[in-house]
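Order of the sequence lines fixes the chain letters, A, B, ..., with proteins taken first and strands second; residue numbering starts at 1 for each chain.
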Amino acid sequence: MQIATWNINSLTVRLAQVLAWLAANPVDALCLQELKLTDDKFPHEALREAGYEAAAFGQKTYNGVAILSRKPLRDVVRNVPGSEDTQARVIAGTLDTPHGALRLVNGYFVNGQAPDSEKFAYKMQWLQALQDWLRTELVAHPQLVLVGDFNVAPEDRDSYDPIGLAGTIHHTQEERDHFQALLALGLHDAYRLFEQPEKSYSWWDYRMLGFQKNRGLRIDHILVSEALRPSVRACTIDRAPRKNPQPSDHAPVVVTLAD
DNA sequence: ATGACTCCAATGTGGAGA
């Protein structure tokens, strides 16, 4: 089975591209971030015609996450329970597979703006709350996949300019420590389970021909639990949609698990 | 370069993203 994650930077603007991508890549589940629309405007019907059900968690203007799936998603949770977060950043649900229940957690992690900002402090709190929740989620759901736009470049090789950007947002030690703390829960970066091309990124700035010059960051990730690790067959970044007219600034990441 | 590009809310221009 295949699970994908894609920050589409407005589902209103990108719906046609999402449908085209799904037609070419009929994954079992697609996790979206930055819907930028309220739930009453979510395009359930267009997605249903494409063969996907959706659990959405949106808000006006900013944020918003959804899980699209070919088969029903159950036990859906919106945001980290008890977190009182006013921003729509997490949606989770369970898919029943031939190998048992698979818990899927989709996050639009806080950007954090700058290391000395209030938004960065919020990012740190948010990451801690996610970590604390996932610790218990993993006990309840040994087969768990955490996907999303993490807004963290975990290592220097995940940035086009690790020296020039050292200590700036996405590159700070605090953010990387949080990423490592997620791995320490018993999660594995699916992309790094395989040999990958150098300079592999999932996001490129719209400005200054960022994509054309491959000045990007690898900040969209798929983490799999220990129980799922032996099942992972591949993990790839699909750069093709970034070449579309009016693209999202992020590319989809896809993991393939043994059937 | 407090930039660049894109989206949103809104019709002025600024916030936010990363």
Side-chain angles (χ1 to χ4, degrees), chain A residues 5-18 21 31-43 56-66 85-90 106-127 130 147-179 191 199-221 237 239 241-253:
Chain A
T5 178
W6 192 9
N7 178 324
I8 38 88
N9 184 18
S10 168
L11 184 55
T12 307
V13 173
R14 230 69 66 189
L15 176 60
Q17 291 186 47
V18 171
W21 190 84
C31 297
L32 299 175
Q33 303 89 37
E34 284 209 90
L35 307 178
K36 294 186 173 181
L37 49 72
T38 47
D39 290 344
D40 59 306
K41 297 199 169 65
F42 190 91
F57 181 35
Q59 67 181 91
K60 193 172 179 174
T61 311
Y62 302 116
N63 309 314
V65 285
D85 200 336
T86 58
Q87 303 187 11
R89 293 185 174 276
V90 174
N106 174 25
Y108 174 47
F109 291 39
V110 177
N111 176 306
Q113 200 170 54
D116 58 353
S117 67
E118 283 183 21
K119 287 174 184 169
F120 190 83
Y122 168 51
K123 183 175 196 171
M124 294 297 109
Q125 289 173 359
W126 191 93
L127 284 163
L130 179 73
V147 311
D149 174 0
F150 284 51
N151 274 316
V152 179
E155 300 178 54
D156 278 357
R157 61 178 166 166
D158 299 314
S159 172
Y160 72 96
D161 187 9
I163 297 170
L165 296 173
T168 66
I169 200 66
H170 307 118
H171 300 71
T172 68
Q173 194 59 51
E174 295 97 317
E175 292 165 282
R176 289 176 169 180
D177 287 347
H178 268 292
F179 189 87
Y191 194 72
K199 304 184 191 307
S200 287
Y201 309 124
S202 65
W203 170 87
W204 300 262
D205 201 307
Y206 284 123
R207 298 168 293 187
M208 296 293 287
L209 302 174
F211 182 65
Q212 290 84 338
K213 295 177 178 175
N214 197 30
R215 293 161 69 92
L217 305 175
R218 192 177 72 94
I219 53 177
D220 300 272
H221 305 295
I237 299 171
R239 296 164 54 99
R242 190 62 178 77
K243 300 170 185 170
N244 290 343
Q246 205 174 13
S248 168
D249 43 357
H250 295 254
V253 185

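Across B:dA16, B:dA18, B:dC7, the shortest atom-to-atom separation from the side chain of A:V13 is found for B:dC7. Here B:dA4 is the nucleotide among B:dA18, B:dC7, B:dA4 with the atom lying nearest to any side-chain atom of A:M208.
For the side-chain hydrogen bond (donor to acceptor under 3.5 Å, both in side chains) with A:Q33, the lone residue among A:T5, A:N7, A:N63, A:D149 that qualifies is A:T5. Among A:D249, A:D158, A:D220, the one residue that satisfies the side chain to side chain contact (heavy atoms under 4.5 Å, CB included) test with A:S202 is A:D220. Checking A:F179, A:F109, A:Y191 one by one against A:H221, the ring pair (Phe, Tyr, Trp, His ring centres under 6.0 Å) holds for a single residue, A:F179.
For B:dC8, one of the phosphate oxygens OP1 or OP2 lies less than 4.0 angstrom from a side-chain nitrogen or oxygen of A:S10. At B:dC7, one or more side-chain N or O atoms of A:Q246 fall inside 4.0 Å of OP1 or OP2 (strictly under the cut-off). OP1 or OP2 of B:dA18 sits under 4.0 Å from a side-chain N or O of A:H250. For the OP1/OP2 pair of B:dG17 and a distance below 4.0 Å, the side-chain nitrogens and oxygens of A:R207 include no atom meeting the criterion. A sub-4.0 Å separation between OP1 or OP2 of B:dA18 and a side-chain N or O of A:N151 is present. Distances shown here put a side-chain N or O of A:N7 below 4.0 Å from the OP1 or OP2 atom of B:dA18.
Within 4.0 Å (heavy atoms only), A:R215 reaches no atom of the nucleic acid at all.
B:dG12 and B:dA1: their C1' atoms are spaced 24 Å apart (whole Å). B:dA10 and B:dA16: their P atoms are spaced 15 Å apart (whole Å). Straight-line distance between the C1' atoms of B:dG3 and B:dG14: roughly 15 Å, to the nearest whole Å.
When rounded to the nearest whole Å, the span between CG of A:N9 and P of B:dT6 equals 11 Å. If you measure from atom NZ of A:K41 to atom C1' of B:dC8, you get 12 Å, rounded to the nearest angstrom.
A:Q17 contributes no side-chain N or O that, together with a main-chain N or O of A:R14, makes up a donor-acceptor pair within less than 3.5 Å. Side-chain atoms of A:Y108 never come within 3.5 Å of backbone atoms of A:G64 as a donor-acceptor pair (strictly under, hydrogens ignored).
Projected onto DNA chain B by closest heavy-atom contact, A:K60 and A:N111 fall at different nucleotides, the more 5' of which corresponds to A:K60. Judged by closest nucleotide on DNA chain B, A:P247 is the one of A:Y108 and A:P247 placed further toward the 5' end.
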